[in-house]
Amino acid sequence: MFRTSASFFAAPAWRLYAPVFSTEPMVRGYACARRWIEGRLAIVFTSAGLKLFTAC
């Protein structure tokens, strides 16, 4: 039941992602911020991986 209701509420948001994120300002903004975004995500995932690796 939870899966169905979660999908029901998330579907409208998913339908908005493609048109919103494919606009020219969003594409240019991502192109300018790409290294910063990917660098921060690399730090986040590396720290999460190290945390899992060092867990008992």
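Being a predicted model, the structure only gives us computed values, none of them experimental. Values reported hereafter were calculated over all heavy atoms of this structure, with side chains retained and with hydrogens, waters and symmetry mates removed.
Contacts of Pro25 classified as side chain to side chain contact (heavy atoms under 4.5 Å, CB included), with partners at least two apart in sequence or in another chain: Thr23, Arg28.
For the atom pair Leu50 CG and Phe45 CZ, the distance stands at 13.5 Å (nearest 0.5 Å).
Residues Thr46 and Ala42 come closest through the heavy atom pair OG1-O, 2.7 Å. Tyr30 approaches Ile37 most closely through the heavy-atom pair CD1-CD1, 3.9 Å.
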